[in-house]
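Here is how names work: the chains are called A, B, and so on, in the same order as the sequence lines, proteins then strands, and each is numbered from 1. Because the structure is predicted, anything quoted here is derived from the model rather than measured.
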Number of protein chains: 2
Amino acid sequence: MLDTPRRREIEDAASALFRERGYVATSVRDIAHALDIRGPSLYAHVTSKEDVLWAIVDRAASRFERTADRALAADADPADRLAALVAAHISVITADPGEASVFVAEWRHLSGDRRQAILERRDAYERRFRDLIADGMADGTFALTDPAVAATFLLSALNGIAGWYRPEGRLAADRIADHFVDLAVRALTEVHR
Amino acid sequence: MLDTPRRREIEDAASALFRERGYVATSVRDIAHALDIRGPSLYAHVTSKEDVLWAIVDRAASRFERTADRALAADADPADRLAALVAAHISVITADPGEASVFVAEWRHLSGDRRQAILERRDAYERRFRDLIADGMADGTFALTDPAVAATFLLSALNGIAGWYRPEGRLAADRIADHFVDLAVRALTEVHR
DNA sequence: CCTACCGATCGGTAGG
DNA sequence: CCTACCGATCGGTAGG
């Protein structure tokens, strides 16, 4: 359906609720109530509940993809590229934790082709990590590991932020990112003595 | 309710379904169907759907706690203790990925006191990681970091395994654990040149 | 954007 | 362990 301001308000309210309670446990009436309207009124703006989920997940996926590509564009060594990729991923999460955590945790409630499409985009996204890790291994920057295992290790750690990050929390988003970049780069980097 | 073999079969079937589809998206009839009985027959063995969730989550929590305590009992240096703790955590996940992933992902659907109790046990469990990291920082084994941040980094990475691990997968549980231990210890360890 | 309402499904009970 | 059934709630439609 149309990409109106109201539509975006619906998706934002839905993101927050899906993050808190999960997609299935959130009713259409819950989303409407957050916007001070009645359940059926939502259908003037959306075609179905799953459409709202899809819009959020699709937008989050695009944001992750775009931001990662920008971060990887610079022509640096593997450690710096990894640092940039990790920081980019975290910035997407902290900029909109609702959207990000729906992408991370609720995509599996999509059905059919949409589910399949997101699965493929998730895999392609993860491949950026795998390939970068393999590059760093090949040139001796990174320790010997299984690139697929190391990539899921990192992505699980990063995506965890979507679950616990609160803008009003103890640490600012940048400080969290700094710590995570250090942890991620050290996790991969060979210790030369 | 009673701790009968049938009760355990119900919890195992429920774990697998909760892991696949989530607690809310799994109906009592779904669980019954997996055991080739009708929905209402389940209530001869359980008092409520949430009771089944609680039994699984409580058992998983106990297993994580017991296994971690055993792993930390040895009197070794922080790096070895961390390696033991990480390996222990992973062994609980790979021994029963259904139970573990329900603990990781579905506990929030518990209500009231049970939810509160699990929140506290999760925090106490995480504290084992935080304290160990702080110990290692104090004696110079570990790099300077925020122990709380580093602990969630590690636990998110480890818990991610519950989502993707399959016994018939490419890598045996032990090999996954070996890679994860290396990644985790390197992530924390100061690089001395 | 509303009220009125739909069929389907939910967790759970009664009573064997 | 079953059938029959309950009230509540679900996503969504009709018709303003």
Side-chain angles (χ1 to χ4, degrees), chain A residues 1-58 102 105-115, chain B residues 1-58 102 105-115:
Chain A
M1 267 195 159
L2 281 117
D3 194 2
T4 60
R6 193 51 166 166
R7 170 76 199 217
R8 180 55 193 259
E9 287 173 357
I10 292 170
E11 290 167 18
D12 285 346
S15 293
L17 289 166
F18 293 169
R19 186 190 188 207
E20 261 173 65
R21 314 177 188 173
Y23 171 75
V24 185
T26 302
S27 73
V28 169
R29 285 159 179 84
D30 290 336
I31 301 168
H33 182 253
L35 299 161
D36 259 307
I37 58 176
R38 310 288 164 182
S41 304
L42 268 188
Y43 289 89
H45 306 281
V46 309
T47 4
S48 73
K49 187 188 173 191
E50 195 186 314
D51 252 32
V52 177
L53 175 60
W54 169 250
I56 298 164
V57 168
D58 180 47
V102 171
E106 308 295 336
W107 64 269
R108 60 196 178 122
H109 295 110
L110 292 167
S111 56
D113 292 348
R114 287 166 159 182
R115 190 190 160 115
Chain B
M1 269 195 157
L2 281 118
D3 195 2
T4 60
R6 194 52 166 165
R7 170 76 197 216
R8 179 56 193 258
E9 288 174 356
I10 293 169
E11 290 167 18
D12 285 346
S15 293
L17 288 166
F18 293 169
R19 185 189 189 208
E20 261 175 65
R21 315 178 188 174
Y23 171 74
V24 185
T26 302
S27 73
V28 170
R29 285 160 180 84
D30 290 336
I31 301 167
H33 182 254
L35 298 160
D36 259 306
I37 58 177
R38 310 288 164 182
S41 305
L42 269 189
Y43 289 89
H45 306 280
V46 310
T47 8
S48 72
K49 186 188 174 191
E50 194 186 313
D51 253 32
V52 177
L53 175 61
W54 168 250
I56 298 164
V57 168
D58 180 45
V102 172
E106 308 295 335
W107 64 270
R108 61 196 179 124
H109 294 111
L110 292 167
S111 56
D113 292 348
R114 287 165 160 182
R115 190 191 160 116

Pair A:R6 + A:E9: basic N to acidic O under 4.0 Å: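 Looking at A:R6 and A:E9, the cut-off is met.
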
Search all heavy atoms of [X] against all heavy atoms of [Y] and return the closest pair with its distance.
| X | Y | answer |
| --- | --- | --- |
| A:L53 | A:E106 | CD2-O, 3.8 Å |
| B:Y23 | B:H109 | CD2-CB, 3.6 Å |
| A:H45 | A:I10 | CB-CD1, 3.4 Å |
| B:V46 | B:M1 | N-SD, 3.4 Å |
| A:D30 | A:L17 | O-CD1, 3.7 Å |
| A:R108 | B:F18 | NH1-O, 4.5 Å |

To the nearest Å, how far apart are [X] [atom1] and [N] [atom2]?
| X | N | atom1 | atom2 | value |
| --- | --- | --- | --- | --- |
| B:D36 | D:dC1 | CG | P | 10 Å |
| A:H33 | C:dC2 | NE2 | C1' | 16 Å |
| A:R7 | C:dC1 | CZ | P | 14 Å |

DNA chain C: stems of at least 3 consecutive Watson-Crick or G-U pairs whose donor-acceptor distances fall under 3.5 Å: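 Expected stems, ordered by start: C:1-16 with D:1-16.
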
Any A:R38 side-chain nitrogen or oxygen under 4.0 Å from OP1 or OP2 of C:dC1: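 Looking at the OP1 and OP2 atoms of C:dC1, neither is under 4.0 Å from any side-chain N or O of A:R38.
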
CH2-CZ distance between B:W54 and B:R115, expressed to the nearest 0.5 angstrom: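 Answer rounded to 0.5 Å: 13.0 Å.
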
Under 4.0 Å protein heavy-atom contact, by nucleotide of nucleotides 9-16 of chain C - B base, S sugar-phosphate only: -SBBB---

